[in-house]
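Because the structure is predicted, anything quoted here is derived from the model rather than measured. Convention: sequence-line order gives letters A, B, ...; per-chain numbering from 1.
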2 protein chains.
Amino acid sequence: MGDKRTPSGFLLKQRAFLKLYLITLTEQERLYGLKILDVLRQEFKPFGYRPNHSEVYKALHDLIEDGILKQVKMKKEGMKYQEVVYYRFTEDGYKKAQLYKKQLKAELDRCDALIRKAIKDNFG
Amino acid sequence: MGDKRTPSGFLLKQRAFLKLYLITLTEQERLYGLKILDVLRQEFKPFGYRPNHSEVYKALHDLIEDGILKQVKMKKEGMKYQEVVYYRFTEDGYKKAQLYKKQLKAELDRCDALIRKAIKDNFG
DNA sequence: TAATGAACATCATGTTCATCG
DNA sequence: CGATGAACATGATGTTCATTA
(Lines give C-alpha, C1' and ligand atoms only; values in the text may rest on other atoms or scores of the structure.)
Protein backbone atom coordinates (compact mmCIF):
# COMPACT_ATOMS: atom_id res chain seq x y z
CA MET A 1 0.00 0.00 0.00
CA GLY A 2 2.37 2.75 1.16
CA ASP A 3 5.61 3.42 -0.61
CA LYS A 4 7.26 0.46 -2.25
CA ARG A 5 10.64 1.81 -1.34
CA THR A 6 12.00 4.15 1.27
CA PRO A 7 14.75 6.47 0.11
CA SER A 8 17.85 6.37 2.28
CA GLY A 9 17.95 10.15 2.28
CA PHE A 10 21.32 10.62 0.67
CA LEU A 11 21.76 13.60 -1.67
CA LEU A 12 18.95 15.17 -3.61
CA LYS A 13 18.04 13.82 -7.01
CA GLN A 14 18.90 15.45 -10.27
CA ARG A 15 15.23 15.69 -11.18
CA ALA A 16 14.41 17.81 -8.14
CA PHE A 17 17.45 19.96 -8.74
CA LEU A 18 16.37 20.66 -12.30
CA LYS A 19 12.78 21.38 -11.30
CA LEU A 20 14.04 24.03 -8.94
CA TYR A 21 16.03 25.72 -11.70
CA LEU A 22 13.12 25.47 -14.11
CA ILE A 23 10.88 27.30 -11.68
CA THR A 24 13.41 30.04 -11.18
CA LEU A 25 14.01 30.35 -14.90
CA THR A 26 10.27 30.62 -15.46
CA GLU A 27 10.17 33.47 -12.97
CA GLN A 28 12.88 35.25 -14.89
CA GLU A 29 12.83 34.73 -18.61
CA ARG A 30 10.67 32.97 -21.12
CA LEU A 31 12.52 30.04 -22.59
CA TYR A 32 11.67 26.76 -24.26
CA GLY A 33 13.02 23.28 -23.67
CA LEU A 34 16.20 23.01 -25.67
CA LYS A 35 17.09 26.62 -25.01
CA ILE A 36 16.84 25.95 -21.31
CA LEU A 37 19.11 22.99 -21.80
CA ASP A 38 21.66 25.26 -23.46
CA VAL A 39 21.50 27.75 -20.63
CA LEU A 40 21.90 25.10 -17.95
CA ARG A 41 24.78 23.41 -19.72
CA GLN A 42 26.58 26.72 -19.98
CA GLU A 43 25.93 27.49 -16.34
CA PHE A 44 27.14 24.16 -15.07
CA LYS A 45 29.99 23.62 -17.44
CA PRO A 46 32.58 24.87 -14.94
CA PHE A 47 31.16 22.39 -12.46
CA GLY A 48 31.47 19.36 -14.66
CA TYR A 49 27.74 18.85 -14.88
CA ARG A 50 26.07 18.40 -18.23
CA PRO A 51 22.37 17.49 -18.06
CA ASN A 52 20.79 15.76 -21.01
CA HIS A 53 17.70 16.83 -22.86
CA SER A 54 15.51 14.03 -21.57
CA GLU A 55 15.99 14.95 -17.96
CA VAL A 56 15.05 18.53 -18.65
CA TYR A 57 11.90 17.51 -20.48
CA LYS A 58 10.95 15.08 -17.76
CA ALA A 59 11.45 17.75 -15.13
CA LEU A 60 9.24 20.12 -17.11
CA HIS A 61 6.57 17.46 -17.48
CA ASP A 62 6.77 16.79 -13.76
CA LEU A 63 6.09 20.44 -13.05
CA ILE A 64 3.08 20.29 -15.30
CA GLU A 65 1.78 17.24 -13.48
CA ASP A 66 2.37 19.08 -10.23
CA GLY A 67 0.07 21.77 -11.53
CA ILE A 68 2.79 24.37 -11.35
CA LEU A 69 3.57 25.06 -14.98
CA LYS A 70 1.57 24.97 -18.17
CA GLN A 71 2.66 24.91 -21.76
CA VAL A 72 2.28 27.81 -24.13
CA LYS A 73 2.99 26.94 -27.73
CA MET A 74 4.27 29.95 -29.57
CA LYS A 75 6.21 31.00 -32.61
CA LYS A 76 9.89 31.12 -31.96
CA GLU A 77 11.48 34.56 -31.88
CA GLY A 78 12.32 35.69 -35.38
CA MET A 79 11.07 32.51 -36.98
CA LYS A 80 7.79 32.79 -38.81
CA TYR A 81 6.71 29.19 -38.60
CA GLN A 82 8.76 27.20 -36.13
CA GLU A 83 6.59 26.69 -33.09
CA VAL A 84 8.16 25.88 -29.74
CA VAL A 85 6.84 25.23 -26.25
CA TYR A 86 7.26 27.96 -23.69
CA TYR A 87 6.21 27.64 -20.08
CA ARG A 88 4.45 29.81 -17.59
CA PHE A 89 2.85 29.39 -14.20
CA THR A 90 -0.69 28.10 -13.94
CA GLU A 91 -3.34 30.02 -12.03
CA ASP A 92 -2.12 28.94 -8.59
CA GLY A 93 1.16 27.63 -9.90
CA TYR A 94 3.26 30.47 -8.63
CA LYS A 95 2.15 29.85 -5.08
CA LYS A 96 2.80 26.15 -5.39
CA ALA A 97 6.17 26.93 -6.87
CA GLN A 98 7.15 29.02 -3.88
CA LEU A 99 6.24 26.15 -1.60
CA TYR A 100 8.31 23.77 -3.67
CA LYS A 101 11.24 26.14 -3.59
CA LYS A 102 10.98 26.40 0.14
CA GLN A 103 11.22 22.64 0.43
CA LEU A 104 14.15 22.51 -1.94
CA LYS A 105 15.94 25.19 0.00
CA ALA A 106 15.78 23.00 3.07
CA GLU A 107 16.93 20.04 1.03
CA LEU A 108 19.87 21.93 -0.47
CA ASP A 109 20.88 23.12 2.97
CA ARG A 110 20.74 19.58 4.24
CA CYS A 111 22.90 18.32 1.37
CA ASP A 112 25.35 21.12 1.87
CA ALA A 113 25.66 20.20 5.53
CA LEU A 114 26.13 16.54 4.66
CA ILE A 115 28.88 17.28 2.19
CA ARG A 116 30.64 19.64 4.53
CA LYS A 117 30.45 17.09 7.24
CA ALA A 118 32.06 14.54 4.94
CA ILE A 119 34.85 16.96 4.13
CA LYS A 120 35.39 17.63 7.80
CA ASP A 121 35.17 14.00 8.87
CA ASN A 122 37.51 12.70 6.20
CA PHE A 123 39.87 15.58 5.64
CA GLY A 124 39.42 17.40 8.94
CA MET B 1 33.85 -0.76 -26.63
CA GLY B 2 34.20 2.22 -24.28
CA ASP B 3 31.67 3.09 -21.62
CA LYS B 4 28.12 2.12 -22.27
CA ARG B 5 26.93 5.24 -20.58
CA THR B 6 28.36 8.65 -19.83
CA PRO B 7 27.48 10.08 -16.44
CA SER B 8 26.05 13.58 -16.57
CA GLY B 9 28.29 14.60 -13.70
CA PHE B 10 25.63 15.58 -11.23
CA LEU B 11 26.31 14.86 -7.54
CA LEU B 12 28.52 12.07 -6.31
CA LYS B 13 27.08 8.62 -5.75
CA GLN B 14 26.28 7.14 -2.40
CA ARG B 15 28.65 4.24 -3.06
CA ALA B 16 31.66 6.53 -3.47
CA PHE B 17 30.62 8.53 -0.43
CA LEU B 18 30.50 5.37 1.70
CA LYS B 19 33.82 4.10 0.37
CA LEU B 20 35.44 7.30 1.49
CA TYR B 21 34.07 6.90 5.01
CA LEU B 22 35.06 3.26 5.11
CA ILE B 23 38.63 4.13 4.31
CA THR B 24 38.73 6.76 7.01
CA LEU B 25 37.13 4.43 9.52
CA THR B 26 39.69 1.78 8.68
CA GLU B 27 42.42 4.30 9.38
CA GLN B 28 40.93 4.98 12.77
CA GLU B 29 39.26 2.04 14.43
CA ARG B 30 38.77 -1.62 13.74
CA LEU B 31 35.11 -2.31 13.02
CA TYR B 32 33.09 -4.90 11.19
CA GLY B 33 30.23 -4.52 8.73
CA LEU B 34 27.12 -4.11 10.80
CA LYS B 35 28.94 -2.16 13.46
CA ILE B 36 30.08 0.27 10.81
CA LEU B 37 26.49 0.56 9.71
CA ASP B 38 25.48 1.48 13.24
CA VAL B 39 28.17 4.12 13.48
CA LEU B 40 27.27 5.68 10.17
CA ARG B 41 23.58 5.74 10.93
CA GLN B 42 24.25 7.47 14.21
CA GLU B 43 26.53 9.97 12.53
CA PHE B 44 24.12 10.84 9.77
CA LYS B 45 20.92 10.68 11.72
CA PRO B 46 20.81 14.47 12.22
CA PHE B 47 21.21 14.82 8.45
CA GLY B 48 18.31 12.60 7.54
CA TYR B 49 20.51 10.01 5.91
CA ARG B 50 20.15 6.36 6.83
CA PRO B 51 22.24 4.00 4.71
CA ASN B 52 21.17 0.37 4.49
CA HIS B 53 23.30 -2.66 5.18
CA SER B 54 23.59 -3.75 1.57
CA GLU B 55 25.16 -0.53 0.43
CA VAL B 56 27.76 -0.72 3.15
CA TYR B 57 28.67 -4.28 2.26
CA LYS B 58 28.84 -3.45 -1.41
CA ALA B 59 31.10 -0.52 -0.70
CA LEU B 60 33.37 -2.76 1.37
CA HIS B 61 33.47 -5.35 -1.38
CA ASP B 62 34.28 -2.62 -3.87
CA LEU B 63 37.26 -1.59 -1.79
CA ILE B 64 38.45 -5.16 -1.75
CA GLU B 65 38.15 -5.38 -5.51
CA ASP B 66 40.06 -2.13 -5.72
CA GLY B 67 42.85 -3.84 -3.83
CA ILE B 68 42.61 -1.37 -0.99
CA LEU B 69 41.14 -3.43 1.83
CA LYS B 70 41.30 -7.06 2.80
CA GLN B 71 39.17 -9.08 5.16
CA VAL B 72 40.33 -10.36 8.51
CA LYS B 73 37.95 -12.82 10.09
CA MET B 74 38.21 -12.64 13.86
CA LYS B 75 36.33 -13.44 17.02
CA LYS B 76 34.09 -10.63 18.08
CA GLU B 77 35.13 -8.78 21.24
CA GLY B 78 33.84 -10.57 24.30
CA MET B 79 32.13 -13.28 22.31
CA LYS B 80 33.89 -16.63 22.36
CA TYR B 81 32.55 -18.02 19.14
CA GLN B 82 30.87 -15.41 17.00
CA GLU B 83 33.25 -14.63 14.18
CA VAL B 84 32.94 -11.37 12.30
CA VAL B 85 34.76 -9.75 9.40
CA TYR B 86 37.11 -6.90 10.17
CA TYR B 87 39.00 -4.95 7.55
CA ARG B 88 42.47 -3.61 7.15
CA PHE B 89 44.57 -2.18 4.38
CA THR B 90 46.36 -4.49 1.99
CA GLU B 91 50.09 -4.23 1.40
CA ASP B 92 49.86 -1.21 -0.89
CA GLY B 93 46.28 -0.48 0.05
CA TYR B 94 47.02 2.50 2.21
CA LYS B 95 48.73 4.30 -0.62
CA LYS B 96 45.89 3.51 -2.99
CA ALA B 97 43.48 4.71 -0.35
CA GLN B 98 45.18 8.08 -0.10
CA LEU B 99 44.88 8.48 -3.83
CA TYR B 100 41.21 7.62 -3.73
CA LYS B 101 40.67 10.08 -0.92
CA LYS B 102 42.37 12.77 -2.90
CA GLN B 103 40.01 12.19 -5.78
CA LEU B 104 37.01 12.19 -3.49
CA LYS B 105 38.12 15.43 -1.93
CA ALA B 106 38.01 17.06 -5.33
CA GLU B 107 34.63 15.51 -5.99
CA LEU B 108 33.21 16.69 -2.67
CA ASP B 109 34.49 20.17 -3.32
CA ARG B 110 32.86 20.13 -6.72
CA CYS B 111 29.54 19.01 -5.27
CA ASP B 112 29.73 21.60 -2.56
CA ALA B 113 30.30 24.28 -5.17
CA LEU B 114 27.40 23.00 -7.25
CA ILE B 115 25.02 23.03 -4.32
CA ARG B 116 26.14 26.45 -3.19
CA LYS B 117 25.66 27.74 -6.68
CA ALA B 118 22.13 26.36 -6.69
CA ILE B 119 21.38 28.09 -3.41
CA LYS B 120 22.76 31.31 -4.75
CA ASP B 121 21.05 31.08 -8.13
CA ASN B 122 17.66 30.19 -6.75
CA PHE B 123 17.57 31.96 -3.42
CA GLY B 124 20.30 34.55 -3.90
C1' DT C 1 17.40 20.22 -39.01
C1' DA C 2 15.66 21.86 -34.39
C1' DA C 3 12.36 20.70 -31.11
C1' DT C 4 9.59 17.71 -28.46
C1' DG C 5 8.55 13.60 -26.58
C1' DA C 6 8.26 8.63 -25.85
C1' DA C 7 10.44 4.17 -25.70
C1' DC C 8 14.05 1.70 -24.32
C1' DA C 9 18.43 0.34 -21.82
C1' DT C 10 21.36 0.49 -17.95
C1' DC C 11 22.93 1.90 -13.64
C1' DA C 12 22.32 2.97 -8.63
C1' DT C 13 20.25 1.52 -4.83
C1' DG C 14 16.62 -0.48 -1.78
C1' DT C 15 14.32 -5.08 -0.16
C1' DT C 16 14.17 -9.79 0.47
C1' DC C 17 16.04 -14.25 0.96
C1' DA C 18 19.74 -17.75 2.25
C1' DT C 19 23.39 -19.33 5.12
C1' DC C 20 26.26 -19.75 9.07
C1' DG C 21 27.42 -19.69 13.74
C1' DC D 1 19.08 -13.76 16.49
C1' DG D 2 23.37 -11.12 14.55
C1' DA D 3 26.30 -11.09 10.73
C1' DT D 4 27.43 -11.59 5.98
C1' DG D 5 26.25 -11.91 1.48
C1' DA D 6 23.70 -12.79 -2.73
C1' DA D 7 19.52 -12.41 -5.38
C1' DC D 8 16.03 -9.79 -6.69
C1' DA D 9 13.07 -5.56 -7.51
C1' DT D 10 12.52 -0.83 -8.40
C1' DG D 11 13.80 3.88 -9.27
C1' DA D 12 16.76 7.29 -11.45
C1' DT D 13 18.79 8.56 -15.35
C1' DG D 14 21.18 8.12 -19.89
C1' DT D 15 20.50 6.75 -25.07
C1' DT D 16 17.91 5.98 -29.00
C1' DC D 17 14.02 6.36 -31.88
C1' DA D 18 9.70 8.66 -33.79
C1' DT D 19 7.15 12.69 -35.11
C1' DT D 20 6.38 17.18 -36.54
C1' DA D 21 7.19 21.95 -37.88
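Taking every side-chain heavy atom of A:V84 into account, C:dA3 is the closest of C:dA3, D:dG14, D:dG2. Comparing atom distances between the A:H61 side chain and each of C:dA6, D:dA21, D:dG14 picks out C:dA6 as nearest.
Nucleic acid contact for B:F17: none, since no nucleic acid atom lies under 4.0 Å from a heavy atom of the residue.
Between A:Y57 and C:dT4 there is a side-chain polar atom (N or O) within less than 4.0 angstrom of OP1 or OP2. Proximity of B:T6 to the phosphate of D:dG14: no side-chain N or O atom is located under 4.0 Å from OP1 or OP2. For A:Q14, no side-chain nitrogen or oxygen approaches OP1 or OP2 of D:dG11 to under 4.0 Å.
Contact of B:H53 with D:dG5 (side chain to base): a donor-acceptor pair of N or O atoms is detected under 3.5 Å. One N or O donor and one acceptor, one from the side chain of B:S54 and one from the base of C:dT15, sit under 3.5 Å apart. A donor-acceptor contact under 3.5 Å is not formed by the side chain of B:K35 with the base of D:dG2. For a distance-only test at 3.5 Å, the side chain of B:R5 qualifies as a donor-acceptor partner of the base of C:dT10.
Taking atom OH of residue A:Y32 and atom P of nucleotide D:dA21, one finds them 17 Å apart after rounding to whole Å. In this structure, the CG atom of B:L18 is 9 Å from the P atom of C:dT13, given to the nearest Å. With rounding to whole Å, B:I36 atom CD1 is found 12 Å from D:dA3 atom C1'. To the nearest angstrom, P of C:dT4 lies 12 Å from CG of A:L22. Atom P of nucleotide D:dG5 and atom CD of B:E83 are separated by 12 Å, given to the nearest angstrom. Between A:E55 atom CD and C:dA9 atom C1' there is a gap of 14 Å when expressed in whole angstrom units. Atoms NZ (A:K73) and P (C:dA2) sit 21 Å apart, rounded to a whole Å. The CG atom of A:N52 sits 16 Å away from the P atom of C:dT10 (whole-angstrom rounding).
Side chain of B:R41 to main chain of B:P51: a donor-acceptor pair is present (N/O by atom type, distance under 3.5 Å, no hydrogens or angles). Put simply, the side chain of A:R110 never gets that close to the backbone of A:L12: no donor and acceptor are under 3.5 Å apart.
Annotation: the terminal axes of the helix from C:dT1-D:dA21 to C:dG21-D:dC1 meet at 20°, where each axis is the rotation carrying the C1' atoms of four end pairs onto the next four (5 pairs per end, rounded to 10°).
Other residues, nucleotides and ligands contribute at most 12 non-hydrogen atoms within 6.0 Å of the CZ atom of A:R50. Within a 6.0 Å radius of CD in B:Q28, more than 12 heavy atoms belonging to other residues, nucleotides or ligands are found.
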Would you please test A:D62 and A:K58 for salt bridge (Lys or Arg N to Asp or Glu O under 4.0 Å) and show each step?
CA-CA 6 Å; A:D62 259 30; A:K58 282 182 228 167; over 6 Å; no
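For the residue pair A:Q14 and B:S8, the shortest heavy atom distance occurs at OE1-OG, 3.7 Å. Minimum heavy-atom separation, B:A113 to A:F47: CB-CE2, 3.6 Å.
In terms of position on DNA chain C, the residue among A:K58 and B:K58 whose nearest nucleotide sits closer to the 5' end is A:K58.
By the 4.0 Å N-to-carboxylate-O rule, B:E27 lies close enough to B:K101 to be salt-bridged with it.
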